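Here the structure is laid out as structure tokens; the discussion comes afterwards.
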2 protein chains.
Amino acid sequence: MTRVGMVRADARENRERILEAARDAFAADGSASTNQIAQRAGVGPGTLYRHFPTREALVLAVYQHEVARIVDLVPQLLRDHAPVEALRLWTTELVAAMRAKHGLGHALDPAAQAAVTEQTYGPVIGAITTLLDAGKSDGSIRADADAADFLQLTGALWRAASGPEDRSPRLLALVLDGLRPPPAR
Amino acid sequence: MTRVGMVRADARENRERILEAARDAFAADGSASTNQIAQRAGVGPGTLYRHFPTREALVLAVYQHEVARIVDLVPQLLRDHAPVEALRLWTTELVAAMRAKHGLGHALDPAAQAAVTEQTYGPVIGAITTLLDAGKSDGSIRADADAADFLQLTGALWRAASGPEDRSPRLLALVLDGLRPPPAR
DNA sequence: ACCTGAACACCGTTCAAGT
DNA sequence: ACCTGAACACCGTTCAAGT
């Protein structure tokens with residue numbers, strides 16, 4: 001009873017091992033070759049190309065995997081911390097990941113970069129919205145705080161993180177202060 | 001009487017032709033190969049590498065050439081236009097050039113990108129300072145306008161220019177309005 | 001001094017042959 | 001259905017041989 005969507009176990013395992021090898025290889029060197037990654041994953045180059053039809057597709061998959069991981073952090077953070085602190089920790093994680101993966105971006109032409117943004121924008125906005133809503137509920141974040149605005153500012157953060165000294169924690173603190181409700185009068 | 005710094009005429013010509021071929025090739029396709037460029041310039045690959053020891057060095061030279069060209073535009077613009085209009089035209093040119101060369105940036109690792117910035121920052125700040133000073137002299141630009149601030153805002157401009165519709169002219173108009181002196185009271 | 005172009009090691013990608 | 005790995009066209013870069 002073979003069904004559509006049925007995948008052989010070895011194929012699924014190979015896919016996972018290639019993705020993992022790619023993540024490690026890219027972390028060490030953004031310009032790691034597909035053949036190197038295939039070898040590191042213990043598969044032939046043909047197998048890599050069966051799962052990811054171009055180098056770009058592989059890079060994109062690594063990005064999406066990373067974004068999904070960070071988005072999934074939200075519930076745990078909200079369980080363990082107050083909303084503003086959860087938002088601070090989550091944003092720190094996001095900036096660190098963007099910084100680590102930044103070298104990868106250079107391997108992508110503008111079209112591919114647009115694809116990444118499009119694929120990841122929704123989930124990231126969703127995560128920020130959840131975090132902001134938690135703060136709005138308990139009054140620690142002002143009611144008109146906007147997720148898209150916050151993400152825009154986050155873009156400035158990772159540029160600040162790329163300098164000689166990492167000024168991003170200070171900037172992040174500043175932004176978070178700006179989200180606090182105005183003092184009652 | 002051979003002197004240090006003496007260069008054979010054919011060498012100088014080759015250098016210029018390679019640079020020109022590289023500029024054209026990169027404009028069409030940021031990932032044009034060095035061998036293609038050498039062929040386009042009518043020289044052997046070895047000649048290209050004699051003048052530019054790595055691909056990166058060639059890309060850097062193209063950038064610097066372009067920035068120098070734009071910086072050199074300033075006197076002409078100030079002769080033909082009022083300071084604020086000169087600044088507007090000059091910035092438009094800079095943003096257009098940055099946009100055209102943006103694909104090139106992707107071919108550079110972060111270290112090389114830092115090198116570009118370092119090499120070009122001084123002259124660009126100089127050009128902006130000249131333009132702002134002209135406006136301060138005739139009272140069309142406020143006295144505390146700062147060249148570094150203006151350049152920072154320009155960075156945001158070429159990001160705005162990369163979107164589906166080019167919002168940069170509107171943003172530039174806004175920034176220029178901000179440079180006007182405060183109304184007398 | 002400088003130029004040429006064959007050559008090198010390696011790249012992303014393909015595909016015939018296997019299981 | 002999926003995997004292997006030799007092979008292809010091309011990349012950035014080098015270097016012996018020419019002028």
Side-chain angles (χ1 to χ4, degrees), chain A residues 1-23 25-26 28-63 103-109 111-112 115, chain B residues 1-22 25-26 28-62 103-109 111-112 115:
Chain A
M1 55 140 217
T2 352
R3 282 197 331 220
V4 176
M6 215 53 173
V7 193
R8 257 166 48 177
D10 58 343
R12 206 185 49 246
E13 275 165 29
N14 275 336
R15 192 178 199 282
E16 218 129 315
R17 282 168 54 188
I18 291 167
L19 214 49
E20 191 178 348
R23 185 157 38 80
F26 286 147
D29 174 12
S31 66
S33 77
T34 50
N35 285 352
Q36 281 169 2
I37 291 167
Q39 195 178 6
R40 194 169 183 149
V43 302
T47 303
L48 186 151
Y49 276 86
R50 163 162 269 265
H51 289 283
F52 305 98
T54 70
R55 172 179 229 279
E56 191 180 297
L58 180 58
V59 171
L60 222 135
V62 169
Y63 261 112
L104 269 188
H106 289 275
L108 299 174
D109 51 281
Chain B
M1 54 139 218
T2 352
R3 281 192 333 211
V4 175
M6 215 52 173
V7 192
R8 259 167 47 178
D10 58 344
R12 204 186 48 246
E13 276 165 28
N14 275 335
R15 193 179 198 284
E16 217 129 317
R17 282 169 55 189
I18 292 167
L19 214 48
E20 192 178 347
F26 286 148
D29 174 12
S31 65
S33 77
T34 50
N35 285 351
Q36 280 168 3
I37 291 167
Q39 194 178 8
R40 194 169 182 150
V43 303
T47 303
L48 187 151
Y49 277 86
R50 163 162 269 266
H51 289 283
F52 305 97
T54 69
R55 172 179 228 279
E56 190 180 297
L58 180 58
V59 171
L60 222 135
V62 169
L104 270 188
H106 289 276
L108 299 174
D109 51 280

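A quick note: this is a predicted structure, and the numbers were derived from the prediction, not measured. Labels below follow one simple rule: chain letters A, B, ... track the order of the sequence lines, proteins then strands, and each chain is numbered from 1.
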Quickly work out the [X] [atom1] to [N] [atom2] distance and round it to whole Å.
{"X": "A:R55", "N": "D:dC10", "atom1": "CZ", "atom2": "C1'", "value": "16 Å"}
{"X": "B:L58", "N": "D:dC11", "atom1": "CG", "atom2": "P", "value": "15 Å"}
{"X": "A:I18", "N": "D:dC2", "atom1": "CD1", "atom2": "C1'", "value": "11 Å"}
{"X": "B:I37", "N": "D:dC11", "atom1": "CD1", "atom2": "C1'", "value": "12 Å"}
{"X": "A:R12", "N": "D:dC3", "atom1": "CZ", "atom2": "C1'", "value": "17 Å"}
{"X": "A:Q39", "N": "C:dC10", "atom1": "CD", "atom2": "C1'", "value": "13 Å"}

Side chain of [X] - closest among [options]:
{"X": "B:R50", "options": "C:dT13, D:dT13, C:dC2", "result": "C:dC2"}
{"X": "A:N14", "options": "D:dC11, C:dG12, D:dC3", "result": "D:dC3"}
{"X": "B:D10", "options": "D:dG12, C:dC2, C:dT13", "result": "C:dC2"}

When rounded to the nearest 0.5 angstrom, what is the spacing between OG1 in B:T34 and CZ in B:F52?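 Separation between the atoms: 12.0 Å.
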What's the separation between atom CG in A:D10 and atom CZ in A:R17, rounded to the nearest 0.5 Å?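 If I round to the nearest 0.5 Å, the distance is 10.5 Å.
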Return whichever of A:G44 or B:A32 has its heavy-atom-nearest nucleotide of DNA chain D closer to the 5' end.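 Its nucleotide being nearer the 5' end, the pick is A:G44.
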Please tell me if B:H51 has a side-chain N or O lying less than 4.0 Å from either OP1 or OP2 of C:dC2.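 For C:dC2, OP1/OP2 do not have a side-chain N/O of B:H51 under 4.0 Å.
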Using OP1 and OP2 only, check whether a side-chain N or O of A:N35 sits under 4.0 Å from C:dC10.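 For A:N35, the contact criterion (side-chain N or O under 4.0 Å from OP1 or OP2 of C:dC10) is not met.
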Identify the two heavy atoms, one from [X] and one from [Y], that lie closest to each other, and give their separation to 0.1 Å.
{"X": "B:H51", "Y": "B:N14", "answer": "NE2-CB, 4.1 Å"}
{"X": "B:A61", "Y": "B:L19", "answer": "CB-CD1, 3.8 Å"}
{"X": "A:A22", "Y": "A:L58", "answer": "CB-CD1, 3.9 Å"}

Could you tell me whether the side chains of B:S31 and B:D29 share a donor-acceptor contact shorter than 3.5 Å?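 Their side chains do contain a donor-acceptor pair, which is all the 3.5 Å distance test asks for.
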Answer with yes or no whether the side chains of A:T54 and A:Y49 bring together a donor and an acceptor at under 3.5 Å.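 On atom types as modelled, these side chains do not qualify, holding no pair under 3.5 Å.
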Watson-Crick or G-U pairs under 3.5 Å in DNA chain D, rendered as dot-bracket with [ ] for crossing pairs and | for another strand: ||.|||||...|||||.||
Report each atom pair, protein N/O against N/O of nucleotides 14-19 of chain C, whose distance is under 3.5 angstrom.
none

What contact category does A:T34 fall into here, base, sugar-phosphate, or nothing, at under 4.0 angstrom with non-hydrogen atoms?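 Base, at least one base atom sits under 4.0 Å.
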Any base atoms under 4.0 Å from B:Q36, or only sugar-phosphate, or nothing? Heavy atoms, all strands.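 Here B:Q36 touches the backbone only, sparing every base.
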Chi angles and distances behind the side chain to side chain contact (heavy atoms under 4.5 Å, CB included) call for B:N35, B:L48: CA-CA 8 Å; B:N35 285 351; B:L48 187 151; over 6 Å; no
A:Q39 (side chain) donor-acceptor with A:Q36 (main chain) under 3.5 angstrom: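 No, the answer is negative, given that no donor and acceptor are paired below the 3.5 Å cut-off.
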